[in-house]
Amino acid sequence: MFQIGDKIFYPMHGGGIIEKIEEKEIFGQTQLYYVVNIPHRNMQVMLPLDKTEKLGMRPIVDPDTLDDVLSTFHSGETETASMNDTQRQRLNMSKIKTGDICEEVAVIRDLLRIKNKRKLGMADKNMLDNARQILISEVVLVKDIPLDQATHLLDQICDLQ
């Protein structure tokens, strides 16, 4: 169970901080909810305590794991290179939904590799922007740095090809 003040990651949304735990009655059923502030999206979400595992909510990664993932950013094969746009978008979306930081990085890496060869379509461009924002939101919380500094850090890593 998470506590108030814990830094968490919520797939498809990014990093957040648990602000409170409150009891709510919805459709006649009372249960406890985490109230999570997701700063980079300027939003607050309520997640039922008993569904956090199913929703993929997890603690943010530790600094060493983040450094390892970022240091290996450019390694690995591009899994989506031979796929058509629809197949690639489905695979990338499923990777982002896992909430696994390694999968998020793979989506960003693969889309950047494609971008270096040709212009990205609108769907791929949106996917890349979204995946970057999600990763940056976790970097902000793990490294305890401002958003612009985390963005600059990721931009530096992405440009090291």
Residues 46-63, side-chain donor-acceptor partners within the protein, below 3.5 Å, at least two apart:
from, atom 1, to, atom 2, distance (Å)
T52, OG1, L49, O, 3.4
R58, NE, G99, O, 2.8
R58, NH1, E138, OE2, 2.8
R58, NH2, G99, O, 2.8
R58, NH2, E138, OE1, 2.9
R58, NH2, E138, OE2, 3.4
D62, OD1, D64, N, 3.1
D62, OD1, T65, N, 3.0
D62, OD1, T65, OG1, 3.3
D62, OD2, T65, OG1, 2.8

Are the side chain of R132 and the backbone N or O of D155 linked by a donor-acceptor pair below 3.5 Å? no

Evaluate the side-chain contact (heavy atoms from CB on, under 4.5 Å) criterion for residues H152 and Q156: first the C-alpha distance (whole Å), next the side-chain angles of each, then the deciding distance (0.1 Å), finally the verdict. CA-CA 6 Å; H152 181 71; Q156 282 184 313; 3.5 Å; yes

Taking side-chain hydrogen bond (donor to acceptor under 3.5 Å, both in side chains) as the definition, give me every residue that meets it alongside K115, ordered by chain and number, with sequence neighbours left out. none

Check for a donor-acceptor pair, side chain of K7 on one end and backbone N or O of L141 on the other, with a separation under 3.5 Å. yes

CD1 (I136) and CD (E104) are apart, to the nearest 0.5 Å, by 11.0 Å

Gap separating the NZ atom of K95 from the CG atom of D110, nearest 0.5 angstrom: 5.5 Å

Test of understanding: with side-chain contact (heavy atoms from CB on, under 4.5 Å), list the residues that count as partners of T98, not counting sequence neighbours. D100, E103

I21 and V36: same hydrophobic cluster, using ILVMFWY side-chain contacts below 4.5 Å? yes

Measure from the side-chain N and O atoms of H74 to the backbone N and O of I157, and report whether any donor-acceptor pair falls under 3.5 Å. yes

Looking at every heavy atom in both M43 and N37, which two are closest together, and how far apart are they? O-OD1, 3.3 Å

Following the transitive rule for hydrophobic clusters with a side-chain heavy-atom cut-off under 4.5 Å over Ile, Leu, Val, Met, Phe, Trp and Tyr, establish whether L135 and L147 coincide in one cluster. yes

Assess whether side-chain contact (heavy atoms from CB on, under 4.5 Å) is satisfied between S94 and L91, documenting all intermediate values. CA-CA 5 Å; S94 68; L91 179 63; 4.0 Å; yes

With a 3.5 Å cut-off and sequence neighbours excluded, list the donor-acceptor pairs that the side chains of residues 123-131 form with protein atoms.
from, atom 1, to, atom 2, distance (Å)
D124, OD1, R88, NE, 3.4
D124, OD2, R88, NE, 3.2
D124, OD2, R88, NH2, 2.5
K125, NZ, D129, OD2, 3.4
N126, ND2, M122, O, 3.4
N130, OD1, R41, NH2, 2.8

Contacts of D6 meeting salt bridge (charged side-chain N to carboxylate O under 4.0 Å, His left out) (sequence neighbours excluded), chain-then-number -> none

Among the clusters formed by ILVMFWY side chains lying less than 4.5 Å apart, do Y10 and L66 turn up in the same one? no

Atom CG of D85 and atom CG of N92: how far apart are they, to the nearest 0.5 Å? 10.5 Å

Main-chain N/O of H13 paired to H40 side chain as donor or acceptor, under 3.5 Å: yes

Quick one, Q3 with I18, criterion side-chain contact (heavy atoms from CB on, under 4.5 Å). Give me CA distance, side-chain angles, the key distance, then yes/no. CA-CA 7 Å; Q3 305 297 320; I18 298 176; over 6 Å; no

Are V45 and I96 connected, step by step, through hydrophobic side chains (Ile, Leu, Val, Met, Phe, Trp, Tyr) whose heavy atoms are closer than 4.5 Å? no

Would you list the atom pairs, donor with acceptor, under 3.5 Å between side chains in residues 23-34 and any protein atom, with sequence neighbours excluded?
from, atom 1, to, atom 2, distance (Å)
K24, NZ, E22, OE2, 3.4
Y34, OH, F2, N, 2.8

Taking C-beta and beyond as the side chain, do F9 and P11 meet within less than 4.5 Å on heavy atoms? yes

Side-chain heavy atoms under 4.5 angstrom apart, residues restricted to Ile, Leu, Val, Met, Phe, Trp, Tyr: same cluster for I101 and L154? yes

Side chain proximity check, R113 to K117, heavy atoms < 4.5 angstrom: no

Locate the shortest heavy-atom distance separating I134 from G14; write the atom from each residue and the value. CG2-CA, 4.0 Å

Could you report the tightest heavy-atom contact between I38 and G15, atom names first, then the distance? CG2-O, 3.6 Å

